[in-house]
Amino acid sequence: MKILKALMVTTAVSLALMAGTAHAENKKIALVVKALGIGFFEAANKGAQEAAKELGDVEIIYTGPTSTTAEGQIEVINSLVAQKVDAIAISANDKDALVPALKKAMDRGIKVISWDSGVAPEGRAMHLNPSSNPLIGNMIIKLAADHLPEGGDVAVLSASATATNQNTWIEEMKKVQGNYKGINVVATVYGDDLADKSYRETQGLIQSYPNLKAIIAPTSVGIVAAAQAVEDAGKVGQINVTGLGLPSEMAGHVKAGSSKSFAIWNPIDLGYSATMIAYDLIGGAEAKPGAELKMGRMGTVKLDENNEGAMADPFVYDASNVEEFAKIF
């Protein structure tokens, strides 16, 4: 009888220890980016790691394909499902193509959110926009118009043709184009967030449109490549490159004069906020219209009728402040 009781006590203690171990296991949050090796996303990962350290029981899996394709992201998603992560926070290369894989993830109990570049509603619980889409659309064309008092020809160098965020911002830009006298958008080309292709597309714009006055690149890869192409073509002072970029990557081009100003939100804050939201959902918060989800030091985000929310307004960088912020991201 004593032996039986001893076995029962030992079993109970073992089960308690096992339960405690399971309870103490870190929550795995995957930060899936459009492609590895892009400065914007590496900065976002810094924010995610900051959130994980603050939370204390989170492991960040920073991952993505080697090129900006939906197929590459689908492979990554399937791998994460097999790893049984707790949440996936993804910046999408294609809003529709990823849905089946992400629905599979949600069916397995994985919390799915999109950030930066969205997924169709059926493939995620919510989407975090880095800023208000109308504000971004207005900002990118205003940055060009501010230095063109008489108007002029402007071209757009986007990322991929299927990038949700890029397409949304360009549409919002077109809605307010009429507010800027004389601004004529002559073309939109796609560099697929590849530096070499973005550079070649810029060369093509310079050759095809001899009266080009500005290039708007709402992509951190494209804006750097475009600025370099303008410098190499000897067009500094004739063509202004603007859009969305990182201070650390654009400071030299602002100094060279190929870019007078550009804008961006803080990608560190964006990665931090996406991680905090994912953690809130893991903890039982519900993503629904009107809900306010926690973003740690960034406060809360309120969801609209499409389960979307915005983090912050974009901030403008120029010769007066870019060097200061280049030390940060």
Side-chain angles (χ1 to χ4, degrees), residues 26-45 47-49 52 58-130 133 158-170 190-198 218-222 267 270-271 273-275 277-279 281-282 287 306-308:
N26 284 344
K27 295 164 181 66
K28 295 181 180 179
I29 299 177
L31 193 72
V32 182
V33 298
K34 291 182 178 180
L36 298 174
I38 294 176
F40 177 89
F41 293 120
E42 290 173 356
N45 182 40
Q49 299 294 342
V58 169
E59 175 190 347
I60 299 297
I61 301 173
Y62 177 65
T63 185
T66 55
S67 60
T68 54
T69 65
E71 293 77 12
Q73 284 190 318
I74 289 169
E75 288 183 13
V76 169
I77 293 165
N78 290 336
S79 174
L80 293 170
V81 171
Q83 293 176 54
K84 299 181 180 179
V85 298
D86 295 287
I88 293 173
I90 187 166
S91 177
N93 284 325
D94 188 307
K95 71 182 182 72
D96 297 315
L98 304 183
V99 168
L102 291 174
K103 285 180 72 174
K104 177 182 176 183
M106 291 190 291
D107 289 343
R108 302 288 177 88
I110 297 171
K111 305 299 181 183
V112 175
I113 71 169
S114 56
W115 58 282
D116 178 50
S117 184
V119 174
E122 58 269 26
R124 44 78 173 170
M126 63 82 66
H127 173 65
L128 178 65
N129 289 301
N133 288 322
S158 186
S160 67
T162 58
T164 315
N165 55 347
Q166 303 281 306
N167 291 336
T168 301
W169 299 335
I170 292 167
Y190 302 94
D192 292 336
D193 264 344
L194 298 172
D196 55 348
K197 185 176 181 184
S198 297
T219 150
S220 62
V221 175
L270 188 54
S273 299
T275 301
I277 291 170
Y279 186 84
L281 294 177
I282 292 170
N306 296 316
N307 274 8
E308 295 187 19

**Student:** How about N26 and V58: do any of their side-chain heavy atoms sit closer than 4.5 Å?
**Tutor:** no
**Student:** Who are the side-chain hydrogen bond (donor to acceptor under 3.5 Å, both in side chains) partners of K197, not counting sequence neighbours?
**Tutor:** D192
**Student:** Tell me, which pairs form a salt bridge (Lys or Arg N to Asp or Glu O under 4.0 Å) where one or both residues lie in residues 117-127, sequence neighbours left out?
**Tutor:** R124-E308
**Student:** Taking L128's backbone N and O only, do any of them form a donor-acceptor pair with S114's side chain (distance below 3.5 Å, no angle check)?
**Tutor:** no
**Student:** Can you tell me how far apart CG (N129) and CH2 (W115) are? Round to the nearest 0.5 Å.
**Tutor:** 12.5 Å
**Student:** Any chance you could measure S158, atom OG, to N167, atom CG, to the nearest 0.5 Å?
**Tutor:** 6.0 Å
**Student:** Look up atom CE in M126 and atom CG in L281, then write down how far apart they are to the nearest 0.5 Å.
**Tutor:** 7.5 Å
**Student:** I'd like to check the salt bridge (Lys or Arg N to Asp or Glu O under 4.0 Å) partners of E42; sequence neighbours left out, ordered by chain and number.
**Tutor:** none
**Student:** Let me see the working for V119 and D96 under side-chain contact (heavy atoms from CB on, under 4.5 Å), right down to the final yes or no.
**Tutor:** CA-CA 7 Å; V119 174; D96 297 315; over 6 Å; no
**Student:** Can you name the closest pair of heavy atoms from P130 and W169 and give their distance?
**Tutor:** CG-CZ2, 4.1 Å
**Student:** Can any side-chain N or O of Q73 pair as donor or acceptor with the backbone N or O of V33 at less than 3.5 Å?
**Tutor:** yes
**Student:** Can you give me the closest heavy-atom contact between A97 and P100, atom names plus distance?
**Tutor:** O-CD, 3.5 Å
**Student:** Would you please name every residue forming a side-chain contact (heavy atoms from CB on, under 4.5 Å) with I61, sequence neighbours left out?
**Tutor:** K28, A30, E59, T63, L80, Q83, V85
**Student:** Do side-chain atoms of T219 reach the backbone of V221 as a donor and acceptor pair under 3.5 angstrom?
**Tutor:** yes
**Student:** How far apart are the closest heavy atoms of N93 and S67, and which atoms are they?
**Tutor:** ND2-O, 4.2 Å
**Student:** Say you draw a straight line from CD1 of I29 to OH of Y279; how long is it, rounded to the nearest 0.5 Å?
**Tutor:** 8.0 Å
**Student:** Under the rule for side-chain contact (heavy atoms from CB on, under 4.5 Å), what residues qualify as partners of A48, not counting sequence neighbours?
**Tutor:** L31, N45, I60, T275
**Student:** With no hydrogens and no angle check, is any side-chain donor or acceptor of N307 less than 3.5 Å from a backbone partner on A287?
**Tutor:** yes
**Student:** Roughly how far, to the nearest 0.5 Å, is OG1 of T68 from CD1 of I38?
**Tutor:** 6.5 Å
**Student:** Ignoring hydrogens, what is the shortest heavy-atom contact between A87 and I110? Give both atom names and the distance.
**Tutor:** CA-CG2, 3.8 Å
**Student:** Whether the N165 and K34 side chains hold a donor-acceptor pair (N or O, under 3.5 Å, no angle test) is what I'd like checked.
**Tutor:** yes
**Student:** Can you tell me how far the CD1 atom of I74 sits from the CD atom of E71, to the nearest 0.5 Å?
**Tutor:** 6.0 Å
**Student:** How close do A274 and I113 get, heavy atom to heavy atom, and via which atoms?
**Tutor:** O-CD1, 3.4 Å
**Student:** Extract all donor-acceptor atom pairs below 3.5 Å that involve side chains of residues 101-109 and protein atoms in other chains or at least two apart in sequence.
**Tutor:**
none

**Student:** If you take all heavy atoms of S117 and A163, which pair is closest and at what distance?
**Tutor:** OG-C, 4.2 Å
**Student:** F41 and L36: side-chain contact (heavy atoms from CB on, under 4.5 Å), yes or no, with the steps?
**Tutor:** CA-CA 8 Å; F41 293 120; L36 298 174; over 6 Å; no
